[in-house]
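Below you'll find the structure, written out as structure tokens, and then a few comments.
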Protein chains: 2
Amino acid sequence: MQKTDQTPEADGTAARGRGRPRAFDREAALAQATRLFWIKGFGATSIADLTQAMGIGAPSLYAAFGSKEALYAEALRHYRENNEALVWAGFFSAATAREAVMAFLMDSAAALTGCLADIPRGCMVALSSVGGEGHAELGELVQAARAVTLDRLKIRLNQAISEGEIPASTDVHALARFVQTVQNGMSILARDEASRSELEAVAQVAMLGWDARTAQRTISGT
Amino acid sequence: MQKTDQTPEADGTAARGRGRPRAFDREAALAQATRLFWIKGFGATSIADLTQAMGIGAPSLYAAFGSKEALYAEALRHYRENNEALVWAGFFSAATAREAVMAFLMDSAAALTGCLADIPRGCMVALSSVGGEGHAELGELVQAARAVTLDRLKIRLNQAISEGEIPASTDVHALARFVQTVQNGMSILARDEASRSELEAVAQVAMLGWDARTAQRTISGT
DNA sequence: GCCTTTCTATAATGATCGATATAGAAATAG
DNA sequence: CTATTTCTATATCGATCATTATAGAAAGGC
């Protein structure tokens, strides 16, 4: 049960001194892999696709990342570390919950259409269907990643209630689900070449739903 | 250029008299294939998966449907013919645009969570990523299917304007995009096991956005 | 009854899948 | 320098992919 992992560096951490050093930049290779998984998905991306885009041979890929599934898991982490700020920075720096949600949706409109950086359209996490492809473990990983959005929204909404920004009677779960739904839907539209301004207009309409839902005379929820 | 298709019945139409008749129900087999494509997607569904679920051999599949891609195209048609009404019947029978959109979103909440029939969760069209998997032709097919939703919403909104239900100044495109976004987002939530009542609550919030956007004193768009 | 036609089942096609065995090349430790 | 360690490149593994050749089974037309 307490078998120690015998493989030299399956975890990816570079050994310090001995032996021939790796000839490629691990992070750069991971970035290319991430981009490919992002665009094509897990199942449609082959090892041959990956080695070509990463500029390395298959044995190097397996030595550095372990397996295709482990590489995807690392790509997910790389995706979050490098792209999360595009969508969440404004949310976390906003003074009010309304401004936070507004920023979240407007920044999503820009990021998901590839306007904030040279990145593929749509969200890698939202559009991933790796769970339905038979890879249950990776499926749970992306599902957990999707759940983070809902958690953050609910935390911010509860904070807004405790600060008196919105009524205590607000249905936090429903409102957070609504914002999550809109952002997820944006990914599908972005993949179909919807423009940034179109998604921004969607965000504006969504905020009208927010305003009506957070007005003092709230219609009691569901 | 005017090569006639030589294959006996690649189009699927049953020849009338001669020869041994087909031993399986073509529509029932197609229904099983549709279900499989719906759940797993095009790429992750193998011919072996299909023949097992359809209860036929591979040669029978190819004789009846031509190819895996042609089968998927037929599955898309079968999907629409058999599931469209779940989401659109109320929309088309509603007296006002508001009731139509409300019915569309509420019926979507029920259908996408598998509450209206014994069907998989989420929309086969919205969640399909066959385009990004390298099958451009099928990708255009599902993209066109997604565009139908937007078209219908815009047509109904324009009708509502001409009937005086909503102001002529309404940004029809933005409002239709908003509704489309919400419904698409619902599919992603439904796949992650969101409940019918959660999606119905989302629909309720979305309708508040509708009301604010269609109020006579409309804030001029974007 | 026989003959033609079309279906079905078995098995195999070449291609590609993810993953590795092997061996040579390149670096550090001593 | 030599020895050791770890990388990379070529080639290949069995499995599975979509597809089909082959042959036998079942129906209608005569």
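Naming: A, B, ... by sequence-line order, numbering from 1 per chain.
- Which of dT8(D), dC7(C), dA19(C) sits closest to the side chain of Tyr62(A) comes down to dA19(C).
- Between Leu50(A) atom CG and dA19(C) atom P the separation is 11 Å, expressed in whole Å.
- Contact annotation for Pro21(A): backbone-only contact, meaning every heavy-atom pair under 4.0 Å involves sugar-phosphate atoms and none involves a base.
- Checked by atom type and distance alone, the side chain of Arg121(B) pairs as donor or acceptor with a backbone atom of Ala190(B) at under 3.5 Å.
- Listed nucleotides: dT8(C), dA19(C), dT19(D). Nearest to the side chain of Arg22(B): dT8(C).
- Comparing dT19(D), dA21(D), dA9(D) against the side chain of Lys68(B) picks out dT19(D) as the nearest.
- Map Ser46(A) and Phe24(B) each onto its nearest nucleotide of DNA chain C; the residue landing nearer the 5' end is Phe24(B).
- Among the nucleotides dG18(C), dT8(C), dA9(D), the one closest to any side-chain atom of Ile47(A) is dG18(C).
- One can place CD of Glu69(A) at 10 Å from C1' of dG18(C), the figure rounded to the nearest angstrom.
- Per the geometry, CG belonging to Leu61(A) stands 12 Å off P belonging to dT20(C), to the nearest Å.
- Taking every heavy atom of both residues into account, Gln183(A) and Ser108(A) meet most closely at NE2-OG, 3.0 Å.
- Considering only the side chain of Ala48(B), dC17(D) comes nearest among dG18(C), dC17(D), dA27(C).
- The distance between atom CZ of Phe37(B) and atom C1' of dA18(D), rounded to the nearest whole Å, is 12 Å.
- Considering only side-chain N and O atoms, Ser60(B) lies under 4.0 angstrom from the phosphate OP1 or OP2 of dT8(C).
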**Asked** Can you list the steps and then say if Thr34(B) with Tyr72(B) is a side chain to side chain donor-acceptor pair (under 3.5 Å)?
**Response** CA-CA 7 Å; Thr34(B) 302; Tyr72(B) 186 84; over 6 Å; no
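- Within 4.0 Å of Thr45(A), counting heavy atoms only, lie sugar-phosphate atoms of the nucleic acid but no base atom.
- Counting heavy atoms from C-beta on, the side chains of Leu30(B) and Arg77(B) come closer than 4.5 Å.
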